[in-house]
Amino acid sequence: MARHKEFDEQQALDQALETFWSGTYASTSTQDLCESTGLSRSSLYNAFSCKADLYQRSLRRYGELKDAERTAYLEHPGTGREALEALLGHVLETQGGSEDRRGCMVINAAVEIGDDDDEVASLTRASLDGFRDVVAQLIARGQDDGSIATTAPAAELATVVHAALNGLQVGARVATDPAAAGRGLQTLMSLL
């Protein structure tokens, strides 16, 4: 007779997500995952099959959480510019403002693993594309309400804004001036 699970798999996944996010895929050991989830090695592998599976599931969960967080900005009050600036400011504050400056897990995965793992590459592309789509919608809203210039199509501006935000996040991980990313965001917004 099979034993039933005596742990909350979603909670274990969320704890593994935090562990991977604070480190890297390569630097996170099975022991680190056992300690963060409270699971034995056999329970961890019975639930998630292997470290790569757990990482992919963590990355998928991260994407789901961040997608819900960022799409809420589509309903943000005010102009498109105000909503966009609030979203970008929130990203920089939450992902660069922590003590360990862990940044964005998706950017970290894209940089560390790239397309060496098809599933990780697919998950990172989907998350990056989803974020860029939200940015494009907010820019289009700003263009419609007159708060953002119509010098280029919203989708093209979103590509530039998203790339600049990604760069600001990466730079914030090693910056000695904690206000630098905020100044970069102000400059970016002044260009729109």
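Given the structure is predicted, the values throughout are model-derived calculations rather than measurements. Scope of the values below: all heavy atoms of this structure, side chains included, with no hydrogens, waters or symmetry mates.
Taking the six-membered ring where tryptophan is involved, the planes of Y55 and F20 are perpendicular, since the angle between them exceeds 60° and thus also 30°.
Just one residue in the list H76, E69, R70 forms a side-chain hydrogen bond (donor to acceptor under 3.5 Å, both in side chains) with H90, and that residue is E69.
Here the CH2-OG distance, from W21 to S58, works out to 11.5 Å after rounding to the nearest 0.5 Å. Taken from CD in E112 to OG1 in T24, the straight-line distance is 4.0 Å, to the nearest 0.5 Å. Put simply, OH on Y25 and NZ on K51 are 5.0 Å apart, with the number rounded to the nearest 0.5 Å. The CG atom of D129 lies 8.5 Å from the NE2 atom of H162; values are rounded to the nearest 0.5 Å. Of the inter-residue distances, the one linking R57 atom CZ with D14 atom CG reads 11.0 Å to the nearest 0.5 angstrom. If you take OG on S43 and CD on E9, they are separated by 11.0 Å, rounding to the nearest 0.5 Å.
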Next on the checklist: Please evaluate residues L54 and L13 with respect to the criterion side chain to side chain contact (heavy atoms under 4.5 Å, CB included), reporting the C-alpha separation (whole Å), side-chain torsions for both, the decisive distance (0.1 Å), and the verdict.
Outcome noted: CA-CA 7 Å; L54 182 53; L13 178 60; 3.9 Å; yes

Next on the checklist: Let's go through L17 and M105 carefully: what are the C-alpha distance in whole Å and the side-chain angles of both, what is the deciding distance for side chain to side chain contact (heavy atoms under 4.5 Å, CB included) to 0.1 Å, and is it a yes or a no?
Outcome noted: CA-CA 9 Å; L17 182 159; M105 187 176 177; 4.2 Å; yes

Next on the checklist: Run the side chain to side chain contact (heavy atoms under 4.5 Å, CB included) test on T159 and E156 for me, step by step, so that the C-alpha distance in whole Å, both residues' side-chain angles and the decisive distance to 0.1 Å come before the verdict.
Outcome noted: CA-CA 5 Å; T159 298; E156 291 176 19; 5.7 Å; no

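Hydrophobic cluster of L191: no remaining members, since no ILVMFWY side chain lies below 4.5 Å from it.
I148 and L165 fall within the same hydrophobic cluster, defined by Ile, Leu, Val, Met, Phe, Trp and Tyr side-chain heavy atoms under 4.5 Å apart, directly or through other members. In the hydrophobic cluster analysis, where Ile, Leu, Val, Met, Phe, Trp and Tyr join through side-chain heavy atoms closer than 4.5 angstrom, F48 is grouped together with I113. Residue L74 is grouped with residue L192 when hydrophobic side chains (ILVMFWY) are merged at heavy-atom distances under 4.5 angstrom, including chains of intermediate members. Taken together through direct or relayed side-chain contacts under 4.5 Å among Ile, Leu, Val, Met, Phe, Trp and Tyr, L188 and L87 form part of one hydrophobic cluster. Under a hydrophobic-cluster definition in which Ile, Leu, Val, Met, Phe, Trp and Tyr are linked whenever side-chain heavy atoms come within less than 4.5 Å, directly or via other members, L185 and V160 are assigned to different clusters.
Taking 4.5 Å as the limit, every side-chain heavy atom of E64 sits out of range of all side-chain heavy atoms of D67. For the pair V161 and M189, the minimum side-chain heavy-atom distance is 4.5 Å or more. Residues D115 and V120 form no side-chain contact, since every pair of their non-hydrogen atoms from C-beta on lies 4.5 Å or further apart. Considering only heavy atoms from C-beta on, F131 comes within 4.5 Å of V91 through its side chain.
Smallest separation of non-hydrogen atoms from G80 and S147: N-OG, 3.7 Å. Across all non-hydrogen atoms, the minimal contact from T150 to Q143 is CA-NE2, 3.6 Å. When all heavy atoms of A181 and L92 are compared, the pair lying nearest together is O-CD1, 3.7 Å. L138 and A83 get closest at one heavy-atom pair: CD2-CB, 3.8 Å. Across all non-hydrogen atoms, the minimal contact from C34 to L44 is SG-CD2, 4.0 Å. When all heavy atoms of L33 and A16 are compared, the pair lying nearest together is CD2-CB, 4.0 Å.
At a cut-off of 3.5 Å, with distance as the only test, a side-chain donor of R173 or N108 sits close to an acceptor on the other residue. Judged purely by distance below 3.5 Å, without hydrogens or angles, the side chains of T30 and Y45 pair a donor atom with an acceptor atom. Inspection of the S190 and T187 side chains reveals no N or O donor paired with an N or O acceptor under 3.5 Å.
Using a cut-off of 4.0 Å between Lys/Arg side-chain N and Asp/Glu carboxylate O, D144 and R141 are scored as not salt-bridged. Taking a cutoff of 4.0 Å between a charged side-chain nitrogen and a carboxylate oxygen, R102 and E18 qualify as a salt bridge. For D177 and R183, the salt-bridge test passes: some basic side-chain N is under 4.0 Å from an acidic carboxylate O.
Of the possible polar contacts, none joining the D32 side chain to the T28 backbone as a donor-acceptor pair under 3.5 Å is found. Looking at E82, its side chain does come within 3.5 Å of a backbone N or O of T79 through a donor-acceptor pair.
Residue-environment remark: CG (D118) stays at or below the threshold of 12 foreign heavy atoms within 6.0 Å. Crowding of Q31 atom CD: a count of heavy atoms from other residues, nucleotides or ligands under 6.0 Å exceeding 12.
For the salt bridge (Lys or Arg N to Asp or Glu O under 4.0 Å) condition, no pair includes a residue of residues 19-28, sequence neighbours left out.
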